Amino acid sequence: MSKRNFYEQVYAVTRRIPKGKVTSYGRIANMLGAPNAARAVGYALRALKDKQNDPTYDDVPWQRVVNSQGRISIANRDFGAQLQAELLRNEGVPVSEDLQINLDNYLWSGLHWFEIDDILQKTKNSDNV
DNA sequence: ACAGTGACAACAT
DNA sequence: TATGTTGCCACTG
């Protein structure tokens with residue numbers, strides 16, 4: 001299909017974020033070897049909105065990705081920020097009223113190199129996921 | 001092929 | 001601390 005590997009890689013990493021933890025767009029980009037692709041990561045997650053009817057992506061916990069400051073994106077505020085905050089709270093992640101999360105306590109430690117390698121292999125030139 | 005866009009991030013005022 | 005600016009990358013008409 002039209003989807004590129006990068007999307008799948010982002011989704012794959014996001015799926016590994018454990019319940020009760022969060023990470024940032026930039027950190028995901030870093031894990032995928034594209035340290036400057038934070039915006040692209042956000043773009044990929046935003047695209048999930050157009051895939052809501054696709055069961056393939058129902059299990060992507062997009063709410064566990066916030067910006068580098070541990071804050072839910074402002075641009076998202078008007079339509080999805082509150083939902084994201086609610087989903088996180090339901091998972092046991094405290095979110096302040098100004099949409100801030102304490103990264104000292106809830107930041108995901110990330111994947112190990114071999115786990116990332118596994119993702120890169122599985123997402124290589126395939127429409128299958 | 002090319003210019004525009006966005007759920008980012010770092011730096012500058 | 002709070003805005004504004006600039007660089008990035010992948011995706012889209």
Side-chain angles (χ1 to χ4, degrees):
Chain A
M1 304 299 285
S2 62
K3 60 181 186 283
R4 284 296 207 232
N5 288 336
F6 190 76
Y7 272 34
E8 297 306 325
Q9 290 170 9
V10 170
Y11 301 149
V13 171
T14 303
R15 285 191 179 97
R16 309 296 179 83
I17 306 173
K19 187 177 183 179
K21 290 291 181 179
V22 300
T23 191
S24 68
Y25 303 95
R27 282 172 185 274
I28 289 180
N30 251 319
M31 290 182 217
L32 294 175
N36 296 314
R39 278 188 103 172
V41 172
Y43 193 94
L45 292 180
R46 174 196 167 284
L48 287 173
K49 218 206 295 263
D50 303 323
K51 304 177 188 295
Q52 291 185 52
N53 298 322
D54 189 339
T56 302
Y57 304 98
D58 279 352
D59 62 337
V60 180
W62 55 270
Q63 71 273 21
R64 295 172 195 163
V65 186
V66 297
N67 68 22
S68 62
Q69 303 173 45
R71 189 154 164 270
I72 292 176
S73 297
I74 300 175
N76 210 6
R77 189 184 291 279
D78 289 333
F79 61 97
Q82 292 306 325
L83 171 62
Q84 184 170 5
E86 185 179 337
L87 288 173
L88 287 173
R89 289 175 182 131
N90 288 341
E91 296 183 346
V93 177
V95 182
S96 68
E97 294 190 14
D98 61 338
L99 306 178
Q100 179 69 45
I101 293 157
N102 185 331
L103 291 183
D104 288 335
N105 298 326
Y106 298 96
L107 176 64
W108 177 40
S109 57
L111 294 172
H112 292 292
W113 69 268
F114 53 87
E115 297 175 298
I116 296 174
D117 196 56
D118 184 56
I119 288 175
L120 295 181
Q121 287 300 319
K122 289 182 177 177
T123 56
K124 178 177 295 183
N125 74 25
S126 71
D127 287 343
N128 168 22
V129 176

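Only a predicted model underlies this, so the values are computations on that prediction, with no experimental measurement involved. So you know, we letter chains A, B, ... as the sequences are listed, proteins then strands, and number each from 1.
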Nearest-angstrom distance from the residue atom CZ of R27(A) to P of dA9(B): 10 Å
D54(A) atom CG, over 12 foreign heavy atoms within 6.0 Å: yes
Separation of atom CD in Q100(A) from atom P in dA2(C), rounded to whole Å: 11 Å
Protein-nucleotide distance (R39(A), atom CZ; dG6(B), atom P), rounded to Å: 9 Å
Rounded distance in Å - CD (Q69(A)) to P (dA10(B)): 9 Å
Candidates E91(A), R15(A), R16(A) - the one meeting side-chain contact (heavy atoms from CB on, under 4.5 Å) with R64(A): E91(A)
Ring geometry between F114(A) and H112(A) (parallel below 30°, tilted from 30 to 60°, perpendicular above 60°): parallel
Presence of donor-acceptor pair under 3.5 Å, side chain of Y43(A) and base of dA10(C): no
Between C1' of dA9(B) and CD1 of I28(A), the distance in whole Å: 14 Å
Value in whole Å for how far the C1' atom of dC11(C) lies from OH of Y11(A): 11 Å
S68(A) vs dA9(B): side-chain N/O to OP1/OP2 distance below 4.0 Å: yes
Length of the line joining K51(A):NZ and dC11(C):P, which is rounded to integer Å: 10 Å
S24(A) vs dC8(B): side-chain N/O to OP1/OP2 distance below 4.0 Å: no
Closest contact, heavy atoms only, Y25(A) versus S73(A): OH-OG, 3.5 Å
Interatomic distance, Y25(A) OH vs dC8(C) P [rounded to whole Å]: 22 Å
Donor-acceptor pair (no angle test) under 3.5 Å: R46(A) side chain, dG6(B) base: no
Listed nucleotide nearest any side-chain atom of Y7(A), set dA7(B), dC11(C), dC9(C): dC11(C)
Donor-acceptor pair, side chain of Y11(A) and main chain of A44(A), under 3.5 angstrom: yes
Proximity to the side chain of N67(A) - top-ranked nucleotide from dA9(B), dC11(C), dC8(B): dA9(B)
